[in-house]
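For reference, the structure discussed in these notes is given below.
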Amino acid sequence: MSLIQRVLISGAFLILVQTVAAQNGGSPGSVRSTPVPINTPAPKLSETLSRNLESLPTDVPREKREQAFAKLLEGQRYMWALKRSRTQATLNGRLAKQAFQRAVELDPTLAEGYTALAELSWNLPPNDLDEALRLAMISVNIDKNNFGANRILARGYTLKSRLSRGELDKENAGKAIASWKEITRLDPRNAEAWAFLSELNKDDSASRIDALKNWLASAQPVDAFFYRTLMGGQADLAPEGAAGKLGAALVDANRIPEAVEVLNQVVADNPDSSEGIENLGRALDAADAKTANSSVQAIQQAIYANPGNMQLILLLAKVQARAGKSAETGKFLNETVARLAQQDKAAAAGLQVSLGEIYRESDRFDDAVSEFRSALLTRGVAGDKVVGDDERDFAVYVYERIILTYKIANRFDDAKAAILASQKVVGDEDSFADRQMIALYRESGRKQDALQAVKYARLRFPQDYGFLRSEAMVLTELGRVDEGVAIVRTLIGKQNPKSPSIMYDDFSNHLFIAILYGEAKRGKDAVAAANQALAVAGDEERKQIALLTLATGQQVSGDFPAAESTLRGILKQTPQNPIALNNLGYFLVERNEKLDEALKLIQQALEIDPDNSSYLDSLGWVYFKLGDNELAEQNLKKALKLDPSSATLHDHLGDVYHKQGKLELAHEMWQRALGFSSDAQQIGTLKQKLAGKKSK
């Protein structure tokens, strides 16, 4: 047995002797000799002291109070020695504990003594946090204004709440919140308390924002060690760090004017803050013109300090484009592009593409196309010669945006001309232009032209399975689903085990047939095909995909209980399947059932995949059904940025605008939806809306 072990054992024995002697009102020599069974666990110090507190009078004589205070000072000296030197840490810790324990034995109402014992219990081996919390609670029960004990409770419960893991233990989180509120009562400018309250109240936007505002107004923290330890080594407890968090919280709460005001200052003060710039961009996307214009000066100031920051430059362009300041924006950005092109042509071209997208979002379609074409020239892509492999991807990327811009503007001839121009750049051996032309014909309602185009493409690219499926889909849209299915069925059973190919994969073909029947609203046939896919699925992932398709078929066939049961079965097996979460949520929304559950399901899907346009559409639609048109508009707009050619997104946003009384915007969205839709039922509904049968 080592010397340290002997000291620890003898120290523990001494504490036990003193405790029992105090209980009997005698000296250590008067301890009863009743043997204690070896296996009986020693009572916790907090239990013993609680019993002492209950049994002893609270009116402590002055002499004992003075002795207790002397012992408290003695314990503090050992604590200071402990902090200064670790060489005798065990001994100093034991002596400090003895002194503090004796202090509370002499004066059971001495709250500071219990606080000191709590600190020792947490920070010295065996680091008993629960014991520390019990001792701190004794102190608080004696003196509710004891700052040290309240802080131990706040920190301890915060640690037990699992805040750092992102999965809150609600019971301990509630206790932590209550304790931190006590800290703010005692010290209203305590940065640590407000910082933790902002984190613990993330699900309560009003409380979170209030905490962040108070954190921003707090005094500079003296001790940030615990906060950094729990929240990460880079976590900053300084009050000025709360501004960016406050701005983000205000955006999340849809308090846009306040958010813009806060984030303007954040960006002006710290132009290198990528997070601050991103949050300001989010706020400006949801802001009205007047609020957005208030950011111009702050962004210009930030650009002056950091002229090479592309994020800032694009943000300024977006604000000015919305304000209609074409000349001012064009001059500034042209100078920026010219300067950048001298150093990095690829970066300059990328900036021009981003500017084109900003113009397109502002419905400045000619300006958008002009920027896209300029980007091609900057990268050296001319319209009269085929590009090499290095430039092919960039050319395709830009032409996709040119074609999309003309589609949104409902300019069919210009879109077709852009597709033909792209073919000259990518070459006749490339199928890009063929795919774009087929899509253009389908979306514009020219289904027979689409069928001819896809047949021509299949002749040119006989090994491209995508064109075979395109023909099957176009036939389905023409009301000839059986012909489309027949084309796909020719591939079933022809898989070569030695040379597997998705073209002859029975699972994917049965699945696609189910999709075709679903598009044709033949639900029973869709269910049968999905079950065939399920039968040959093989692995669990494929089975899940088949079940998702089966649920869609069940819904189309009108068997809603079966559809819901299938989706819930998937989630029982894989609770974090985002597609199943979204589909079940959207299914409930469309049925106008259990909307609160639908909202939670869709939110869960977005937590897993936050930039999925389909999930954002579902979220916007459930908010619309719940009557929250502002959040509906906000999420649908975000989804449209990710998928600007979606007919459903435009249709849903049109309905939101209509509900808000914005009839011109509603009709504009429905018109765009009509331009992108290939579904006969949706086209009919859109035409009814545009004909005025859904007027305010």
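Residue numbers start at 1 and run along the sequence shown. Any value given below was found using the heavy atoms of this structure, including those in side chains, with hydrogens, waters and symmetry copies removed.
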Checklist entry - Can you check side-chain contact (heavy atoms from CB on, under 4.5 Å) on D272 and I277, steps first, answer last? => result CA-CA 8 Å; D272 293 322; I277 298 168; over 6 Å; no
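- Between N264 and S294, the closest side-chain pair of non-hydrogen atoms falls below 4.5 Å.
- E633 pairs by the side chain to side chain contact (heavy atoms under 4.5 Å, CB included) definition with K637, L653, V656, Y657, Q660, K662, not counting sequence neighbours.
- Pairs of residues two or more places apart, or lying in two chains, that qualify as side chain to side chain donor-acceptor pair (under 3.5 Å) and include a residue from residues 441-450 are K407-E443, K416-Y441, R442-E477, S444-R446.
- Nearest heavy-atom pair, N279 versus G244, reported as atom, atom and distance to 0.1 Å: ND2-O, 4.3 Å.
- Note that R411 lies outside the cation-pi zone of Y406, set by a 6.0 Å cut-off to the ring centre and a 45° limit from the axis.
- Annotation: ring pair (Phe, Tyr, Trp, His ring centres under 6.0 Å) contacts of F676 (sequence neighbours excluded): H650.
- Residues that satisfy the side chain to side chain contact (heavy atoms under 4.5 Å, CB included) test with T405, not counting sequence neighbours, are R360, F365, A368, V369, F372.
- A salt bridge does not link E630 to R255: none of the charged nitrogens lies less than 4.0 Å from a carboxylate oxygen.
- Salt bridge D617/K638: absent, no basic N to carboxylate O contact under 4.0 Å.
- F467 carries R435 over the face of its six-membered ring, with the cationic atom under 6.0 Å from the centre and within 45° of the normal.
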Report, one line per pair, each donor and acceptor closer than 3.5 Å where one atom sits in a side chain of residues 351-358; sequence neighbours left out.
from	atom 1	to	atom 2	distance (Å)
Q352	OE1	T378	OG1	2.7
S354	OG	G350	O	3.2
E357	OE2	R401	NE	2.7

Item to check | E391 vs V425, side-chain contact (heavy atoms from CB on, under 4.5 Å): CA-CA, chis, key distance, verdict | outcome: CA-CA 10 Å; E391 299 299 335; V425 171; over 6 Å; no
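- Taking each heavy atom of A243 and V266 in turn, the nearest pair found is CB-CG2, 3.6 Å.
- Side-chain N/O atoms of W621 and N635 include no donor and acceptor closer than 3.5 Å.
- Of the N and O atoms on the side chains of S677 and Q682, at least one donor lies less than 3.5 Å from an acceptor on the other residue.
- Comment: K594 engages E564 in a salt bridge, judged by a side-chain N to carboxylate O separation of less than 4.0 angstrom.
- Taking the side chain to side chain contact (heavy atoms under 4.5 Å, CB included) definition, one finds that K424 meets it with nothing, sequence neighbours left out.
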Checklist entry - After noting the C-alpha distance and the side-chain angles of D651 and R672, does the key distance pass the salt bridge (Lys or Arg N to Asp or Glu O under 4.0 Å) rule? => result CA-CA 8 Å; D651 186 12; R672 289 184 185 180; over 6 Å; no
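- For the pair D252 and R282, the salt-bridge criterion is met [side-chain N within less than 4.0 Å of a carboxylate O].
- Nearest heavy atom pair, residue A433 against residue I419, reads O-CG2, 3.4 Å.
- Residues F587 and F560 approach most closely at CZ-O, 3.5 Å, considering heavy atoms.
- T566 and Q554 share a side-chain donor-acceptor pair at under 3.5 Å.
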